[in-house]
Amino acid sequence: MGVTVDVRQVYKYPFEQVVASFLRKYPNPMDKNVISVKIVEEKRDVSTGIIYRKRIAVCQNVVPEILRKVSILKVPSIQLEEESWLNPQERNMAIRSHCLTWTQYASMKEESVFRESMENPNWTEFIQRGRISITGAGFLNYILETFASTFLRQGAQKGIRIMEMLLKEQCGAPLAE
């Protein structure tokens with residue numbers, strides 16, 4: 001079946017500041033689930049100016065203890081792979097991420113975009129769609145998808161709060177209309 005979560009947020013800060021904060025967002029004391037983030041590949045296309053990055057994030061396993069009785073869920077951490085394409089000329093960055101852990105049982109994918117806001121060129125729009133699908137866990141599929149859906153929604157909101165805090169700390173008050 002699968003669960004989809006959509007998020008949209010307008011940050012009242014310029015694109016360059018928002019992207020810089022996003023790239024420094026984790027690890028962060030506000031979200032102790034993200035243990036580390038490491039750039040494993042980075043290159044710039046000289047003809048287009050697009051910067052490609054691949055990062056691996058290591059996160060604590062947040063599956064509730066009761067569900068970890070199932071042996072496949074009993075791991076201390078999970079890994080996520082994130083790829084991004086930053087186009088400074090067009091002021092947008094596309095991001096794709098997916099889970100590298102439990103791939104035979106679950107699919108977790110997120111697609112996100114940061115782009116100049118249509119409302120105000122000094123603001124940045126963030127759009128994200130996350131999808132989780134669980135298979136091969138029998139009767140636990142529905143329970144795990146429900147947990148994953150709640151976790152995705154809460155994680156997206158927490159990520160937005162962290163971004164707002166970082167932007168305020170690093171750039172000052174949001175820009176007025």
Side-chain angles (χ1 to χ4, degrees), residues 3-44 49-63 77-101 106-132 147-177:
V3 177
T4 302
V5 174
D6 292 312
V7 175
R8 181 183 179 278
Q9 175 72 19
V10 174
Y11 295 105
K12 294 183 177 182
Y13 294 90
F15 173 78
E16 295 75 13
Q17 291 176 341
V18 172
V19 167
S21 289
F22 172 78
L23 293 171
R24 291 190 303 261
K25 184 171 150 186
Y26 296 114
N28 183 306
M30 283 184 68
D31 189 346
K32 296 190 185 327
N33 292 329
V34 181
I35 299 165
S36 67
V37 177
K38 182 171 80 172
I39 296 173
V40 294
E41 185 179 351
E42 185 169 358
K43 58 188 173 188
R44 179 187 207 106
I50 294 174
I51 301 166
Y52 168 81
R53 281 184 193 89
K54 184 188 290 188
R55 305 191 304 172
I56 303 291
V58 177
C59 304
Q60 288 183 13
N61 182 353
V62 295
V63 173
S77 62
I78 60 169
Q79 289 191 333
L80 304 171
E81 178 181 85
E82 173 193 273
E83 294 179 283
S84 64
W85 295 264
L86 171 60
N87 187 331
Q89 255 80 35
E90 294 184 12
R91 299 183 82 207
N92 69 54
M93 183 166 78
I95 305 158
R96 262 197 330 240
S97 53
H98 65 275
C99 187
L100 298 173
T101 308
S107 167
M108 189 289 291
K109 297 179 181 182
E110 284 181 346
E111 293 187 359
S112 310
V113 174
F114 285 101
R115 66 182 180 205
E116 185 178 292
S117 172
M118 300 281 209
E119 296 173 58
N120 183 326
N122 290 315
W123 295 352
T124 305
E125 183 177 24
F126 172 66
I127 301 165
Q128 182 177 69
R129 169 163 276 186
R131 180 157 177 78
I132 292 183
F147 167 75
S149 169
T150 301
F151 183 75
L152 260 187
R153 285 185 216 298
Q154 290 173 347
Q157 292 308 311
K158 184 189 280 187
I160 288 169
R161 284 193 309 273
I162 291 170
M163 283 290 294
E164 290 283 2
M165 182 205 69
L166 289 173
L167 286 162
K168 199 169 187 179
E169 278 179 7
Q170 295 164 4
C171 309
L175 297 172
E177 296 183 46

What's the spacing between [X] [atom1] and [Y] [atom2] if we round to 0.5 Å?
| X | Y | atom1 | atom2 | value |
| --- | --- | --- | --- | --- |
| I50 | N87 | CD1 | CG | 4.5 Å |
| N33 | N28 | CG | CG | 11.5 Å |
| K168 | K12 | NZ | NZ | 12.5 Å |
| I78 | Q60 | CD1 | CD | 10.0 Å |
| R44 | I51 | CZ | CD1 | 4.0 Å |
| E110 | R129 | CD | CZ | 12.0 Å |

Side chain to side chain donor-acceptor pair (under 3.5 Å) involving [X] - partner list, sequence neighbours excluded:
| X | answer |
| --- | --- |
| T4 | R131 |
| S112 | Q128 |
| Q89 | none |
| E125 | R8, R115 |

Show me the donor-acceptor pairs, under 3.5 Å and distance only, between side chains in residues 16-24 and residues at least two apart or in other chains.
from	atom 1	to	atom 2	distance (Å)
E16	OE1	R91	NH2	2.8
E16	OE2	R91	NE	3.0
S21	OG	Q17	O	3.3
S21	OG	Q170	OE1	2.9
R24	NH2	Q170	OE1	2.5

Looking only at heavy atoms, the pair that brings P88 and G49 closest together is CD-O, 3.5 Å

Between I35 and C59, which heavy-atom pair has the shortest distance, and what is it?
CD1-C, 3.9 Å

Of Y52, F15, F114, the residue whose pairing with L86 passes side-chain contact (heavy atoms from CB on, under 4.5 Å):
F15

Using side-chain heavy atoms (C-beta onward) and a distance below 4.5 Å, is C99 in contact with L80?
yes

State whether the side chain of T124 and the backbone N or O of Y13 hold a donor-acceptor pair below 3.5 Å, judged by distance alone.
yes

Side-chain donor-acceptor distances from residues 151-165 under 3.5 Å, at least two apart:
from	atom 1	to	atom 2	distance (Å)
R153	NH2	S149	OG	3.4
E164	OE2	Q9	NE2	3.2

Quickly, which of E81, E41, E42 forms a salt bridge (Lys or Arg N to Asp or Glu O under 4.0 Å) with R53? Name it, please.
E42

